[in-house]
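Below: the structure, in structure tokens.
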Number of protein chains: 2
Amino acid sequence: MKLTSMDISTTASASSIVFDALRKAIIQGQLEEGEPLRQDEIARLFNTSRIPVREAISRLEEQGLVRTQRYKGAVVTELSPKETREIFDLRALVEPEIIKNAVPLMTQELLATAREKCAAFSASKDPMEWGDLNRDFHETLYSASDLTFFKEIARNAIDRVERQIRAQLVMSNGMERAGREHFAIIDACEAGDAKRAAELTRLHIEGAKESLLKHLPGA
Amino acid sequence: MKLTSMDISTTASASSIVFDALRKAIIQGQLEEGEPLRQDEIARLFNTSRIPVREAISRLEEQGLVRTQRYKGAVVTELSPKETREIFDLRALVEPEIIKNAVPLMTQELLATAREKCAAFSASKDPMEWGDLNRDFHETLYSASDLTFFKEIARNAIDRVERQIRAQLVMSNGMERAGREHFAIIDACEAGDAKRAAELTRLHIEGAKESLLKHLPGA
DNA sequence: ATATTGAATATTGGATCCAATTTAGTGTAC
DNA sequence: GTACACTAAATTGGATCCAATATTCAATAT
């Protein structure tokens, strides 16, 4: 008799678990900008040694989410207004291309779930979940695209300004406006108008950038 | 009496040294695509333990230069023609923006050294150094730009297709053509015509992509 | 009071050892 | 000869220990 390969839930490595958890904590703002990451504190938290923690931190550094100095350790990266602007400019360049590529590949199912997420975002009253719902909507649309590297870039760029995005959503009428723009984007996607969806995405990002930078000092 | 700060050569960490060496070996093609990276072999090579090696490898994976499987180790990433095309498309999107931003910031010194490197590239008869000279020229131009994240993206994208770029330079008249295009780009830079320099850069990348994909099977 | 020295503590970087898993190879039955 | 089980070697992931450096803070001199 032959056993099926079972494929036991591929237990992730400790370093991956720590990496994911730290990444999430950083982009959700649970760790403040400039806050140092103490290796053995984190190790105790996850019941591991410092080895996987160090590996996780070095990967976070490679992604730009933390920066480290020899013998001083890692701190959560802080972005200047100028750097924030640059990342939004990068997003405004890359993400429309993803949408343009994605629209012809979107299935009816995907459009349906995207519209659901769009509605869920606009319906939410809890500011704590706005960031996740917003991201969820965009990632659903992007998931139809087969531009893996473009998506990788976008994901990292969004990671780096996730905190600012969350701030932008709660400030003034950021949430209301984002909701309107989301509906416009998905309308264009359903209409199969890739160019329009891309342009609306660009404007969506540029708009967020402007409203954000209005509230920041320089740049 | 006061001593000048001396600034003793900040001895880099072992993991950084290993990382840099491996990265260089990969992009220069000394390590074949798909070739596995054995941790203790590398450790012996650098007279260190496997700890810094593992950190270096995890950073390489974060950059997409290797991919790893749990308990199986890391192998040098292989790119399908489709993926190669996508990375060149990414470059064609991002690098013109860097040049457009850089042109107004270029000093006379920078233009002079860039022209020297441009000439050095075209004058070189040794195919082994074409890749480095080509990269050197482009990085010199990009160095004038203050778009740090754009440059980060470009650097990584170039890393990932560096082997293909080298192949493209030696095939057919790739070298001759690249030389011509380089001179055209730097002419536009010296003329202060940022838009033209950007467009020429885009065409330079698109051209390399086309001539490369002509010699590859699918996509 | 302020600056400076120096020891104690905290923290990171790396080496060595052990555990978990894969891979290679060997033998055996058919 | 081939398929299968089983052992041994190779390889990676992680824990513990030690070394190198930074930070803190008390003691001292000016």
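The model shown is predicted, which means the values in this text are computed figures rather than measured ones. Note on naming: letters A, B, ... go to the chains in the order of the sequence lines (proteins, then strands), and numbering restarts at 1 for each one.
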| said: Is there, by distance only and without an angle test, a donor paired with an acceptor across the side chain of B/R50 and the base of D/dG13 below 3.5 Å? | reply: yes

| field | Distance in angstrom units between A/R38 CZ and D/dT21 C1', rounded | value | 13 Å

| request: Find the distance A/F46:CZ to D/dG13:C1' and express it as a whole number of Å. | output: 17 Å

| Please give, in whole Å, the distance from C/dC17 C1' to B/D40 CG? | 14 Å

| Length of the line joining A/I17:CD1 and D/dG13:C1', which is rounded to integer Å | 12 Å

| said: So, under a plain 3.5 Å distance rule, would you say the side chain of B/R54 forms a donor-acceptor pair with the base of C/dG14? | reply: no

| message | What is the separation between atom CD on B/Q69 and atom P on D/dT11, rounded to the nearest whole Å? | response | 16 Å

| Starting at the 5' end of DNA chain D and moving along, which residue's nearest nucleotide shows up first, B/A74 or A/S49? | B/A74

| request: Could you tell me which non-hydrogen atom of A/R38 sits nearest to which non-hydrogen atom of A/K72, and how far apart they are? | output: NH1-O, 3.9 Å

| task | Output yes when at least one side-chain N/O atom of A/K72 is less than 4.0 Å from OP1 or OP2 of C/dT11, else no. | result | no

| query | Looking at the side chain of A/Q39, which of C/dT12, D/dG14, D/dT11 is the nearest nucleotide? | reply | C/dT12

| query | Nearest-Å distance, CD (A/E41) to C1' (C/dT12)? | reply | 14 Å

| task | Look only at the side chain of A/Q164 and the backbone of A/T84, and say whether a donor-acceptor pair between them is shorter than 3.5 Å. | result | no

| For atom CD of B/E55 and atom C1' of D/dG13, their distance in whole Å | 15 Å

| Starting at CZ of A/R70 and ending at C1' of D/dA20, how long is that distance when rounded to a whole Å? | 8 Å

| query | A/T48 has a side chain; which of D/dA15, D/dG13, C/dT22 sits nearest to it? | reply | D/dA15

| message | Under 4.0 Å, counting only non-hydrogen atoms across every strand here, what does A/L37 touch: a base, just sugar-phosphate, or nothing? | response | sugar-phosphate

| query | Which nucleotide in the set D/dT16, C/dT16, C/dT23 lies at the smallest distance from any side-chain heavy atom of A/I51? | reply | D/dT16

| query | Of the nucleotides D/dG14, D/dT23, D/dT12, which has the atom closest to the A/P52 side chain? | reply | D/dG14

| task | Give a yes-or-no answer on whether the side chains of B/E83 and A/T148 include a donor-acceptor pair shorter than 3.5 Å. | result | no

| said: Please compare A/N47 and B/G73 by the position of their nearest nucleotide in DNA chain D and report the one closer to 5'. | reply: B/G73

| Greater than 12 external heavy atoms within 6.0 Å of A/Q108's CD | no

| Passes side chain to side chain donor-acceptor pair (under 3.5 Å), A/S58 versus B/E55? Steps please. | CA-CA 7 Å; A/S58 83; B/E55 196 173 314; 4.5 Å; no

